[in-house]
Colleague: 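My structure is below; once you've seen it, I'll send some questions.
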Amino acid sequence: MPPSPSHARVTIRDVAAAAGVSTTTVSHALNGKGSVDPATRERVIATAAELGYRASRAARALRAGRTGTVALLLPEIQPDDGERPALALDYYMRITASAARVAAARRHPLLLAPTPRTPADVVDLGVDGAIVVDPETHDPRLALFADAGLPVATIERDLGRPEHRAYVHSGNADAARGLLDHLRAAGAERIAMLGTEAGWAWVRESEDAYRAWCAEHDATPRIARTALDALEGSAHDRARELLVSDDPPDAIFALADGGAGGVMRAARELGVKVPADLLVASGIDSAGLRAGPTPITSIDLRPDRQGAAAAELLFARLDDAADPEPVVVPATLRVRASTTPPAGA
């Protein structure tokens with residue numbers, strides 16, 4: 001038998017040369033396909049083992065009808081200035097990092113994919129499945145992957161697809177109620193909410209919880225909506241309108257990342273002191289809210305755990321696990337100086 005090749009990776013051609021057969025015969029012998037003489041098959045298998053031949057990931061994927069790659073799709077947030085897409089937000093960066101860690105541990109590449117518009121776009125991605133973050137109601141991306149026969153796991157549910165059960169959520173209603181109870185305990189009586197225009201489950205569930213909480217506490221709900229493409233600027237404008245009204249709020253709960261920063265800027269401009277005159281809280285925690293002269297109380301949705309849970313959920317679907325059930329990653333309230341009035345205030 002010829003000596004084993006000196007280069008690092010043994011190829012199918014090396015096995016064929018050593019066994020004295022064609023590459024097609026080697027492929028059929030190793031894959032159990034085609035018509036190969038039993039003695040020849042045994043010789044090929046023994047030769048491959050002796051040379052240390054291993055099929056490449058690409059070759060194994062081609063035979064299995066899989067690529068080994070999974071996609072991560074973030075929501076499309078493209079501000080007017082084009083400088084703050086979703087990946088620039090702390091929440092989505094942490095989801096991406098944690099999902100990538102789980103994929104890497106399983107030796108699968110994670111593709112941060114552009115939004116597919118057509119079935120051909122899904123095919124061109126060359127992935128086995130996808131994690132979709134913050135799907136819209138009746139999100140077309142879920143339909144495209146379903147039509148392609150590819151599994152999807154989502155972070156938060158698609159409100160228009162009750163049959164979709166492979167999702168991770170943070171108990172949004174309970175998280176919103178917990179924050180509202182905290183604001184009330186801190187002395188707030190007129191709590192306003194800055195929502196967003198997005199049709200995401202966590203937004204709608206948080207707003208519904210706010211309305212229900214107000215009804216239970218005989219409070220008047222006040223929801224002002226901010227634009228996703230100009231979150232901080234829009235939140236600043238809505239907060240300023242609230243603060244100069246005849247009945248200004250004594251607390252503002254800004255749902256989206258960036259909203260609380262706009263509220264703080266409006267308060268500074270108007271001479272409204274936080275937290276002495278106004279309590280400010282955010283529906284999403286971020287590194288920026290933890291810093292600054294007045295750290296802001298926030299709901300920590302635990303994106304590190306959300307991303308990992310969604311990746312595990314997708315891999316379970318790829319492994320043909322039973323019908324999945326939603327996974328709960330409970331949110332945590334992070335109380336900071338913005339809702340802690342000084343003694344006697």
Side-chain angles (χ1 to χ4, degrees), residues 7-11 52-77 84-116 121-135 139 141-142 144-146 148-157 164-170 257 284-287 300-332:
H7 51 274
R9 183 174 182 83
V10 178
T11 69
Y53 170 74
R54 292 183 61 193
S56 69
R57 174 184 287 273
R60 294 196 304 271
L62 184 62
R63 292 194 297 272
R66 290 186 177 183
T67 67
T69 301
V70 293
L72 176 70
L73 281 76
L74 300 177
E76 289 189 292
I77 302 176
R84 205 179 188 214
L87 191 58
L89 300 178
D90 181 79
Y91 173 70
Y92 295 117
M93 289 180 67
R94 291 173 63 190
I95 283 177
T96 301
S98 59
R101 282 195 293 271
V102 171
R106 290 174 169 264
R107 304 187 65 78
H108 286 275
L110 179 76
L111 172 68
L112 188 60
T115 296
D121 289 343
V122 174
V123 173
D124 288 345
L125 289 177
V127 297
D128 297 335
I131 300 168
V132 176
V133 185
D134 283 335
D139 196 301
R141 295 172 295 180
L142 272 64
L144 287 172
F145 278 91
L150 298 176
V152 169
T154 63
I155 295 180
E156 296 300 341
R157 62 193 178 105
H164 176 73
R165 304 282 293 165
Y167 65 87
V168 177
H169 70 104
S170 294
D257 193 358
I284 296 183
D285 196 24
S286 70
D300 184 354
L301 298 176
R302 310 306 299 271
D304 48 345
R305 295 186 181 181
Q306 286 181 326
E312 294 289 2
L313 194 54
L314 177 61
F315 286 122
R317 298 199 70 189
L318 287 169
D319 292 339
D320 298 321
D323 291 340
E325 287 297 319
V327 176
V328 182
V329 176
T332 301

Colleague: Applying side-chain contact (heavy atoms from CB on, under 4.5 Å), name anything that partners Val122, two or more places apart in sequence or on another chain.
Modeller: Pro116, Leu144, Phe145, Ala148, Leu150

Colleague: With Tyr91, which residues qualify under ring-ring contact (aromatic ring centres under 6.0 Å, His included), at least two apart?
Modeller: none

Colleague: Who pairs with Arg302 by side-chain contact (heavy atoms from CB on, under 4.5 Å), at least two apart in sequence or on another chain?
Modeller: Asp300, Asp304, Arg305, Val329, Thr332, Arg334

Colleague: Not counting sequence neighbours, which residues clear salt bridge (Lys or Arg N to Asp or Glu O under 4.0 Å) with Asp139? List them please.
Modeller: Arg141

Colleague: Hey, are the side chains of Val102 and Phe315 touching, using non-hydrogen atoms and a 4.5 Å cut-off?
Modeller: yes

Colleague: Once you round to the nearest 0.5 Å, how far does CD of Gln306 lie from OH of Tyr92?
Modeller: 9.5 Å

Colleague: Taking only residues two or more places apart in sequence, or in another chain, which ones meet Asp134 in a salt bridge (Lys or Arg N to Asp or Glu O under 4.0 Å)?
Modeller: none

Colleague: Restricting to non-hydrogen atoms, name the atom on Ser286 and the atom on Asp257 that form the minimum distance, rounded to 0.1 Å.
Modeller: OG-OD1, 3.9 Å

Colleague: List the residues meeting ring-ring contact (aromatic ring centres under 6.0 Å, His included) with His164, not counting sequence neighbours, and say none if there are none.
Modeller: none

Colleague: Using the side-chain contact (heavy atoms from CB on, under 4.5 Å) criterion, which residues pair with Ala331? Sequence neighbours excluded.
Modeller: Ser170, Ala175, Ile299, Leu301

Colleague: Would you call His169 and Val328 a side-chain contact if the rule is heavy atoms closer than 4.5 Å?
Modeller: yes

Colleague: Apply side chain to side chain donor-acceptor pair (under 3.5 Å) to Arg165 and list each qualifying residue two or more places apart in sequence or on a separate chain.
Modeller: Glu325

Colleague: For Arg317 and Val152, work out which heavy atoms get closest and say how close.
Modeller: NH1-O, 2.8 Å

Colleague: Heavy atoms only: give me the nearest Ala166-Pro324 pair and the separation to one decimal.
Modeller: CB-CG, 3.5 Å

Colleague: Taking only residues two or more places apart in sequence or in another chain, which ones pass side-chain contact (heavy atoms from CB on, under 4.5 Å) with Ala71?
Modeller: Leu73, Ala113, Val127, Ala130

Colleague: For the atom pair OG1 (Thr115) and CG (Asp121), what is the distance rounded to the nearest 0.5 Å?
Modeller: 9.5 Å

Colleague: Taking all non-hydrogen atoms of both residues into account, name the closest pair between Gly307 and Ser98 and its distance.
Modeller: CA-OG, 3.2 Å

Colleague: Between CG of Leu110 and CD1 of Ile131, what distance do you get to the nearest 0.5 Å?
Modeller: 6.0 Å

Colleague: Can you name the nearest heavy-atom pair linking Pro135 to Leu142, along with the distance?
Modeller: CB-CD1, 4.3 Å

Colleague: Under the rule for side chain to side chain donor-acceptor pair (under 3.5 Å), what residues qualify as partners of Arg94, not counting sequence neighbours?
Modeller: none

Colleague: Going by the side-chain contact (heavy atoms from CB on, under 4.5 Å) test, name the single residue among Asp128, Leu318, Leu313, Val70 that passes it with Pro151.
Modeller: Leu318

Colleague: Nearest heavy-atom pair of Leu72 and Val133: which atoms, and what distance?
Modeller: CD1-CG2, 3.8 Å

